[in-house]
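The block underneath contains the structure these notes are about, expressed in structure tokens.
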Number of protein chains: 2
Amino acid sequence: MSLPHAILTALLEKPSSGLELTRRFDKSIGYFWSATHQQIYRELGKLEQAGHIRALPAPVPARGQKKEYEVLPAGRAELGDWVGRTEDPKPLRSSLLLRMRAAAMVGSAGLRAELERHLVLHRQQLEKYLAIEARDFPAERRRTEPDRLRHLVLRGGVDLERFWVEWLTGALAELGPAEH
Amino acid sequence: MSLPHAILTALLEKPSSGLELTRRFDKSIGYFWSATHQQIYRELGKLEQAGHIRALPAPVPARGQKKEYEVLPAGRAELGDWVGRTEDPKPLRSSLLLRMRAAAMVGSAGLRAELERHLVLHRQQLEKYLAIEARDFPAERRRTEPDRLRHLVLRGGVDLERFWVEWLTGALAELGPAEH
DNA sequence: GCACCTTCTGCAACTAGTTGCAGAAGAATC
DNA sequence: GATTCTTCTGCAACTAGTTGCAGAAGGTGC
């Protein structure tokens with residue numbers, strides 16, 4: 001049940017329409033909580049119904065008409081409350097690891113190529129994060145608590161990609177010599 | 001669509017009944033692809049229907065009667081095929097990171113405690129993995145390809161937990177001094 | 001001014017995963 | 001030998017997330 005809170009956070013950062021939110025999810029919040037436009041529209045409806053957000057008055061409300069939403073006090077309160085709640089980390093789910101385990105039973109044909117492909121993807125994601133870090137978090141932007149929090153989140157992304165790059169590199173090195 | 005393949009792998013490792021599978025998922029395959037008993041029973045039904053597995057003949061087939069399943073050649077073929085398929089890593093989804101980002105907007109009350117709680121949980125999981133590694137993968141068990149593959153998977157779990165432990169430790173250090 | 005394209009919103013149907021519960025089999029207890 | 005507890009299987013209903021599609025608004029080109 002994190003999607004509504006992801007949306008509230010995004011809307012607090014900047015009031016937006018459904019499509020704008022979708023775009024911002026694709027390149028910011030979505031890096032650690034992705035969502036399709038469909039989920040977002042549906043959730044916006046629910047949040048409005050619940051009185052947590054409201055649509056800014058539009059000249060002509062109609063279907064296909066852009067609607068900007070902003071967070072109401074009740075929504076901010078709900079978000080603050082949610083931040084204080086506890087929630088266990090959900091267990092890892094990696095189909096790549098599963099594939100390796102399956103490969104141990106039925107042979108690892110094609111697996112090496114897939115590991116290499118993932119390595120490239122993770123390197124790319126790492127580059128993307130590092131570019132964002134360089135652009136948005138120069139040393140002087142790490143003073144206030146909100147900035148430090150946002151930077152830590154990004155750091156999580158960076159370090160996680162680094163972890164995968166290293167693990168995949170090691171895995172390829174260990175499997176490589178045995179190939180024939 | 002990885003669950004059927006997780007089940008096929010587990011059944012190849014050892015033919016089992018639904019409940020045995022559930023237990024093994026709780027402490028082995030489930031570390032990187034978890035599933036509830038419900039999912040497993042339903043999927044066993046589908047796999048049987050598809051001719052990928054079969055129930056070993058039981059004396060008295062009836063509801064509430066234990067049923068052992070084994071993989072048929074068609075199931076093994078399907079699994080081998082699946083291992084060779086490509087699949088993009090799915091994007092990270094972490095409600096803890098989301099909480100931190102939300103905390104940047106509405107204040108970080110209670111966040112520190114939650115980070116500490118997660119740190120403990122990840123340390124515990126790390127210990128668990130290390131114990132499994134010590135027990136199941138002594139140096140001489142890392143020679144054959146299947147053993148190396150299985151060990152690499154476990155290493156992934158170990159390193160991932162280490163990553164979280166380090167990241168959480170760093171985050172607490174960075175947030176700590178600012179608390180008052 | 002009409003044909004076409006893009007942008008934006010949203011319905012509907014589907015797939016995957018979760019939760020709650022219930023019934024049969026067998027073992028344990030009295 | 002009846003009662004109760006545990007084990008095992010499974011149905012049904014629900015929640016979350018995905019995919020396909022369609023309609024309105026508004027711009028662009030001729």
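Protein chains get the first letters and strands the later ones, always in sequence-line order, with residue 1 at the start of each. In what follows, every heavy atom counts, from backbone to side chain, and hydrogens, waters and symmetry copies are set aside.
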Modelled atom types, side-chain donor and acceptor of Thr169(B) and Arg123(B), under 3.5 Å: no

Five-pair end axes of the helix from dG1(C)-dC30(D) to dC30(C)-dG1(D), angle between them (10°): 0°

Non-neighbouring partners of Arg93(B) that pass side chain to side chain contact (heavy atoms under 4.5 Å, CB included), sequence neighbours left out: Trp33(A), Ser34(A), Gln39(A), Lys90(A)

Residues that Asp147(A) engages under salt bridge (charged side-chain N to carboxylate O under 4.0 Å, His left out), provided they are two or more places apart: Arg141(A), Arg150(A)

Stretch residues 35-50 of chain B: residues that reach within less than 4.0 Å of DNA chain D through a heavy atom: His37(B), Gln38(B), Tyr41(B)

ring-ring contact (aromatic ring centres under 6.0 Å, His included) with His5(B): which residues, sequence neighbours excluded? Trp82(B)

Mind checking side chain to side chain contact (heavy atoms under 4.5 Å, CB included) for His122(B) and listing every partner two or more places apart, or none if nothing turns up? Pro89(A), His118(B), Glu161(B), Trp164(B), Val165(B), Leu168(B)

When the distance from CG of Leu3(B) to C1' of dT15(C) is rounded to whole Å, what number comes out? 12 Å

Go through the structure and list residues passing side-chain hydrogen bond (donor to acceptor under 3.5 Å, both in side chains) with Asp26(B), not counting sequence neighbours. none

In whole angstroms, how far is the C1' atom of dT9(D) from the CD atom of Glu20(B)? 13 Å

What is the distance from NE2 of His5(B) to C1' of dA16(C), rounded to the nearest Å? 15 Å

Could you pull out all residues at least two apart from Arg155(B) that satisfy side chain to side chain contact (heavy atoms under 4.5 Å, CB included)? Trp167(A), Leu130(B), Glu133(B), His151(B), Val158(B), Asp159(B), Arg162(B)

Partner residues of Glu87(B) under the salt bridge (charged side-chain N to carboxylate O under 4.0 Å, His left out) criterion, sequence neighbours left out: Arg99(A)

Neighbours of DNA chain C within residues 80-93 of chain A, by heavy-atom distance under 4.0 Å: Arg93(A)

Residues that Glu127(A) engages under side chain to side chain contact (heavy atoms under 4.5 Å, CB included), provided they are two or more places apart: none

Take the protein atom CD of Glu68(B) and the nucleotide atom P of dC8(D), then report the distance between them rounded to whole Å. 11 Å

Could you tell me which residues satisfy ring-ring contact (aromatic ring centres under 6.0 Å, His included) with Tyr129(A), sequence neighbours excluded, listed by chain and number? Tyr31(A)

